[in-house]
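Since we're looking at a predicted model, the values are computed, not measured. Here is how names work: the chains are called A, B, and so on, in the same order as the sequence lines, proteins then strands, and each is numbered from 1.
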Amino acid sequence: MRLLSWRKAKHLTGPKCRICYSSTDNRIPSQNIHITRKELSKLLHQRPPKSQLKQIHAQILAQSFSSTASFVNSLIHCYLHIKEFTSARLLFFHYPLPSPPILIWNLIIRTYCKLQNSSESFSLFRQLLNLDPLIRVHPDEYTFTFIVTSCAHQRSIVHGKIVHGLVVKNGLESNLYVGNSLINMYAVFKITDDAYKVFDKMTERDVFSWTSLVCGYANNDEMDQACEIFYKMPLRNDVSWAVIISGFAGYRRYMEVLTYLNEMLFAVEDKVRPNEAVLVCALSACANLGALEQGNWIHSYIMRNEVPNSSNISTALIDMYAKCGRIDCARLIFNRIPRPDVHNFTSMISGLSYHGLGEDSLTVFNRMLDENVNPNEVTIIGVLNACSHSGLVEEGSSIFYNMETLWGLKPQIEHYGCYVDLLGRAGYLEKALEVVKSMQVKPDIVIWRALLSACRIHRNIFLGYSIIDFIKKLNYDGPSGSEVLLSNLYASLGNWNKVSEVRKAMGQRKTQSDIGCSWIEVNGVVHEFRVADKLHPQILKVLNKLNELWIVLS
DNA sequence: TCTTGTAAAG
């Protein structure tokens, strides 16, 4: 005999309790045991774990309460709570009344909405709309909030537009929650005009409405509008700051990331602290700017404020230290992680590869495999780069050719790029060309560039020219970086007429977007310089110093 | 029962 064992049932184990279970099967209560209606509903109200829920369900069946709507509702609640969707759906489809109440529809729809890639919420919603008029229940603001959220998870806006129409028809467009989910939906699809229209029509707005709108502009590379709305917000929470900061990070505008982080730290009126997303973006900015001092400061901020040690934070710290030249610190962070996950491993492997530590990178990769952590596409890029920079051709080839069979990772164009680079650098130019020709995807300019660069290193004039001819025929209209390489190749081949020809063509087009840019961190301040910079506040001082150095050196 | 954000890549 076994009594209910979970903690919330303790009060039932006294003399009043009449639950007991058969000694042969401790899950199913024997038929002659009786629990009152009140006790059963009280038990269900406590959202019991699976084994106990099955026992209670059996009692409900045994006592013929299964046609009592309130019991079925509670059972559905409980099954959804423990994520037993099949049982919940079964109860839903055999509901004792002609239609479940809207609350139960909403709960089931919500479940599928949370599964993100499921279209099941739509089919339920369709069933709800097509109910016989005699038993009709009407979708409410909850139903629409879930359905609109489901629309935001779809590949196209088609469903979203139809649902928006229904929202208007049901007079719910200005409802706070429905409106917020609509703004979010349009933000996801980067339709900022429509997001703004919904926002504009709302009679009540909260921090979600504002943040979702800012997010829409940020997703759509409209950072000026994003900032404008951001500053108009009556109150910003940590997520609002995360949205604007991650917006800048997404467009590689790292200086702004650090500026906004700084502003956030001083935004007393918002009473916010940088959350994980903000810190991760800021660390990534430091990594890409080489801003070690700022990165160090963020690291100490994390420790001072006891920010929970998440995988994302440690991944970002490893990346920051590695990219800022402190591979020792990156290793220290990595070695302190008790059970590194795929992201931690990837960041460490890539970090070691930038430092030319190919063997170490492979050691970490092998440890990862020993610990049964599966690599992802990015991990393989890191390992291939490590092999490439350390001339580990055999190891790299074996990883490249086995990535699909061993880890189910189909080589993407990036992997081909790394592999061609690996072969090219090691001097296997013909083999590299063979790989490019055998690719199932169309080689992009990056791959040709890797090959050209290899031709330049190994001064293979013949192959270099044939690649140039090939690139010309393909008529890539990519960034002028490839033209720079082309002109460099001509230069290394001594063909100065061609060099000036290419440079002239580049000059005529004046591609503004490809202007080179570099950074340097001095006393914790990151200074950014562009070609022929006239904007830096201390440019005259910098130029004078350069002249001084020039005189000393010459 | 309801809506917002993040790392690693040639």
inquiry  = Tell me if the centroids of the rings in A:Phe122 and A:His159 come within less than 6.0 Å of each other.
reply    = yes

ask   = Separation of A:Arg47 atom CZ from B:dT1 atom P, in whole Å?
value = 8 Å

query = If you draw the axis of the six-membered ring of A:Phe199, does the NZ or CZ of A:Arg205 fall within 45° of it and under 6.0 Å from the ring centre?
reply = yes

inquiry  = Both conditions, 6.0 Å and 45 degrees, for the charged tip of A:Arg236 above the ring of A:Phe230: are they met here?
reply    = yes

Atom-pair distance (CG on A:Leu283; C1' on B:dG5), nearest Å = 16 Å

ask   = Between the base of B:dG5 and the side chain of A:Asp238, is there a donor-acceptor distance below 3.5 Å?
value = no

inquiry  = The side chain of A:Cys281 is closest to which nucleotide in this list: B:dG10, B:dT1, B:dT6?
reply    = B:dT6

query = A:Phe208 side chain: which of B:dG10, B:dT6, B:dT4 is closest?
reply = B:dT4

ask   = From B:dG5, B:dG10, B:dT3, pick the nucleotide closest to the side chain of A:Val243?
value = B:dG5

Atom pair distance, as rounded to whole Å: CG in A:Asp206 and C1' in B:dT3 = 8 Å

task = Apply side-chain contact (heavy atoms from CB on, under 4.5 Å) to A:Lys169 and list each qualifying residue two or more places apart in sequence or on a separate chain.
result = none

Euclidean distance, atom CD1 of residue A:Ile327 to atom C1' of B:dA8 [Å, nearest integer] = 13 Å

query = Among B:dT6, B:dA8, B:dG5, which is the nearest nucleotide to the side chain of A:Asn288?
reply = B:dA8

Base B:dA8 to side chain A:Asn376, donor-acceptor N/O within 3.5 Å cut-off = yes

query = Given B:dG10, is OP1 or OP2 found less than 4.0 Å from the side-chain N or O atoms of A:Arg449?
reply = no

ask   = Does A:Ser284 place a side-chain N or O at less than 4.0 Å from the phosphate oxygens OP1/OP2 of B:dA8?
value = yes

task = With the side chain of A:Ser246 defined as its heavy atoms from C-beta on, choose the nearest nucleotide among B:dT6, B:dT1, B:dT4.
result = B:dT6

query = For B:dA9, does OP1 or OP2 lie under 4.0 Å from any side-chain N or O of A:Lys323?
reply = yes

remark   = Side-chain contact check for A:Cys418: nearest option of B:dT4, B:dG10, B:dC2 is B:dG10

request  = Taking only the side-chain heavy atoms of A:Phe146 (C-beta and beyond), determine which of B:dG10, B:dT4, B:dT3 contains the nearest atom.
outcome  = B:dT3

Under-4.0 Å salt bridge between A:Arg89 and A:Glu84 = no

message = How many whole angstroms separate atom CD1 of A:Ile313 from atom P of B:dG5?
response = 18 Å

ask   = With respect to the phosphate group of B:dT3, does any side-chain polar atom (N or O) of A:Tyr142 fall under 4.0 Å of OP1 or OP2?
value = no

query = Would you say A:Asn312 reaches B:dT6's phosphate, i.e. side-chain N/O to OP1/OP2 under 4.0 Å?
reply = no

query = With respect to the phosphate group of B:dT3, does any side-chain polar atom (N or O) of A:Asn184 fall under 4.0 Å of OP1 or OP2?
reply = no

Nucleotide B:dT3, atom P - distance to CZ of A:Phe144 in whole Å = 16 Å

